[in-house]
Amino acid sequence: MDRSTRTAPAGTPAIPSTGPWPAPASGREVKRHKWWGWGLDDVAFRWDNKPAFPPFAKDKIGLDLHELEQRPEPELSAYEVPASRLGEQTRARLVELLGEDNVLVDDEMRVVHSFGRSVTDLFRVRTGDFERIVDAVVYPRTEEDVQAILRFVLDEDLVLIPFGGGSCISGSVTPDVAEQRPVVTVNLGRMRAVLSIDETSGLARVEAGAYGPDLEDQLNAEGWTLGHFPDSFNYSTLGGWAATRSTGMQSDKYGDIADIVRGLRLAHPRGVLAVTALPGQSDGPSMRELVLGSEGRLGVITEVTVQVHRLPAQRQVIAYMFPDWEHGIRGMHAIARATDVFPTFTRLSDGPETAFSLSMVKEPTSTKGKVAGKVQDGLFAYLRRKGWNTDGDMCIAYVCFEGSKESVSRQESTVKGIVKRNGGISLGAGPGAIYDQKKFDTPYLRDFLLSYDVFGDVSDTAAPWSRLNEMHTEVMAAGQKALDDMGLTGFMFCHMSHSYHSGACLYFTFAFPYSSKERALAEYTTLKHAVQQAFIDHGGTLSHHHAVGTEHQPWIEDDITPVGVSILHDVFSASDPGRNLNPGKIITP
């Protein structure tokens, strides 16, 4: 039976609409990234309307934007794409299962599904490094289709890689170059409906292939929200979030995906694992937790039951400024510990990231914008008279409030007092609104820089409040030393986000022009490894929300101990003895 029409459990009213969210008729209609970069073909970063950005780029990474010659977009036809290893008879049998339009073997679709969106992936794509790509992309419409695919994969001894939106930056969807068996990617983009909402319990059953915007559109139409907004929101799926233990920028209020997911269904070669959505259980090790973060090694997540919330009556993002990082961290810690404030998110940029953010401000064209610019100039002059270093130390922060008008007003007042007591000032709602509108745009800047031989990437960790300042200092020092040792010019900055009772996430961004295409990946690896090792050396985790994949594997044993790795090995080996399910991810073999 089609999962979208399956009868909901008792007490779970179906969405009152004309039917489930329309599913793409075929795989070619499923949304996807451009083959060589982030997002859609007609969206790109512009620097010509940001007057402070060219001097910033020249100062920090030596890139003179005014002297650049525009480079054309990559053309896939310029590269040789290896032929699919999937035999015609095997393809024909898959077509029998799914239909001709849902078994794709053409070059572009295979390239798109062979890489995530890490710097390593995109560099390989742009240089035509297609040593090993997937051999077919299949698009199931139902859970029964997924089960049929799994049975077929085992019968034929193929490799299966689940694919959500392809936005991962850890190598989770990339096939092993040494894999000789045909590799099939399963894209769940045709399974994107909110199946039902239990309004009494605040739970929604959702097909795992729902992209963030599709999911929010369906929930919003009924007055609900998931509240999960990772940076990759526009190009990532619910199943992908669960499979990689994603965190959204509003996790202070709504929780990480591990908090949001209450139940799920996992298609496994032996059948379907169904985890019921219950408020609490004491029935041995958590199967829900075992599946979360499993990156396809245990099977394919087909459906997720998530907790949802009524849309808030009011939402407000307020910006604040602190004289330096330490004052800012004290302020953020005080907000996290306040008993009468419940922010949707809190974020603090360090001095270098604040300078970067200011360089990204568009040139004002309206009278209101020009007045705002003069007000900012006056404010910065006032702060300099107070002894602030407005060129490098001061740190901007954003706090989001949701709820009734009265609740938002009360919380804003409380936080304003906390900020003042910790040496900061309020900048009001204007800068906060701009941040909220542009929060998903940064990946396009990375694509732009990559076109001009500049790597830009991120690494994230989590640590207790007591170690955040040490972590920030030591990671920045480790990154700078790596650049200095290689004789490279680069830039690095950080923000604090995702606050918890005991600590927070630190999210580092770095950029540098590589010396040559031959040395590019080695230079990137040197810097990335220096940053990651500093996380481990100073009591952090290898990643807060970017999963393990292959790129973070070197630190998995440090993070979960050799015993933890051994237990995972036993679980994966017993569950998938033929190593058919996304082998080599998280741990090896």
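- In this structure, Arg330 contributes its side chain and Gly423 its backbone to no donor-acceptor pair below 3.5 Å.
- Taken to the nearest 0.5 Å, the NE2 atom of His498 stands 8.5 Å off from the CZ atom of Arg347.
- The OH atom of Tyr320 sits 11.5 Å away from atom CD1 of Ile425, with the distance rounded to the nearest 0.5 Å.
- The backbone N or O of His544 lies less than 3.5 Å from a partner atom in the side chain of Asp460, making a donor-acceptor pair.
- Salt-bridge annotation for Asp214 and Lys31: absent, with no side-chain N of the basic residue lying under 4.0 Å from a carboxylate O of the acidic one.
- By the 6.0 Å and 45° rule, Lys34 stacks over the aromatic ring of Trp36.
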| task | Apply side-chain contact (heavy atoms from CB on, under 4.5 Å) to Leu122 and Asp447, showing your working. | result | CA-CA 9 Å; Leu122 292 180; Asp447 279 357; 3.7 Å; yes
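- Of the possible polar contacts, none joining the Ser566 side chain to the Pro562 backbone as a donor-acceptor pair under 3.5 Å is found.
- Checking side-chain atoms of Thr237 against main-chain N and O of Gly240 turns up a donor-acceptor pair under 3.5 Å.
- Ring centroids of Phe448 and Tyr444 are separated by 6.0 Å or more, keeping the two rings apart.
- Not less than 6.0 angstrom separates the ring centroid of His552 from the ring centroid of Phe535.
- Relative ring orientation between Tyr79 and Phe130 is described as perpendicular, the plane-to-plane angle rising above 60° on a 0-90° scale split at 30° and 60°.
- If you take OG1 on Thr550 and NZ on Lys585, they are separated by 6.5 Å, rounding to the nearest 0.5 Å.
- Under the 4.0 Å criterion applied to side-chain N and carboxylate O atoms, Asp453 and Lys517 are assigned as salt-bridge partners.
- Aromatic rings of Phe115 and His33 (six-membered ring for Trp) have centroids beyond the 6.0 Å cut-off, not under it.
- Checked by atom type and distance alone, the side chain of Asp256 never pairs as donor or acceptor with a backbone atom of Asp259 at under 3.5 Å.
- Each of Phe345, Tyr211, Tyr254, Trp241 was checked for a ring pair (Phe, Tyr, Trp, His ring centres under 6.0 Å) with His228, and the lone residue meeting it is Trp241.
- Checking side-chain atoms of Asn422 against main-chain N and O of Ile418 turns up a donor-acceptor pair under 3.5 Å.
- At least one test fails for Lys439 against the ring of Phe233: distance under 6.0 Å to the centre or angle within 45° of the axis.
- A donor-acceptor pair under 3.5 Å is absent between the side-chain atoms of Asp324 and the main chain of Asp393, judged by distance alone.
- By the 4.0 Å N-to-carboxylate-O rule, Asp121 lies too far from Arg117 to be salt-bridged with it.
- Within the 3.5 Å criterion, the main-chain N or O of Val159 finds no donor-acceptor partner in the side chain of Glu179.
- Counted within 6.0 Å of NZ on Lys253, heavy atoms from surrounding residues, nucleotides or ligands total more than 12; the atom is thus considered enclosed.
- Checking side-chain atoms of Thr354 against main-chain N and O of Ile396 turns up a donor-acceptor pair under 3.5 Å.
- Of the possible donor and acceptor atoms, one in the side chain of Thr525 sits under 3.5 Å from a partner among the backbone N and O of Leu521.
- The distance from the OG atom of Ser172 to the CD atom of Glu295 is 3.5 Å, given to the nearest 0.5 Å.
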| request: Evaluate side-chain contact (heavy atoms from CB on, under 4.5 Å) for Glu474 paired with Asp537, printing each intermediate quantity in order. | output: CA-CA 9 Å; Glu474 296 298 335; Asp537 291 344; over 6 Å; no
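- More than 12 heavy-atom neighbours from other residues, nucleotides or ligands sit within 6.0 angstrom of OH on Tyr500.
- The pair Arg110-Asp107 counts as a salt bridge, with a side-chain nitrogen and a carboxylate oxygen less than 4.0 angstrom apart.
- Under a cut-off of 6.0 angstrom, the local environment of CZ in Arg519 is sparse, with at most 12 non-hydrogen atoms contributed by other residues, nucleotides or ligands.
- For the pairing with Phe493, the ring pair (Phe, Tyr, Trp, His ring centres under 6.0 Å) check across Phe510, Phe508, Phe356 returns one residue only, Phe356.
- The structure places CG of Asp231 at 7.5 Å from CZ of Phe440, a figure rounded to the nearest 0.5 Å.
- Between Leu445 atom CG and Leu449 atom CG the span is 4.5 Å, to the nearest 0.5 Å.
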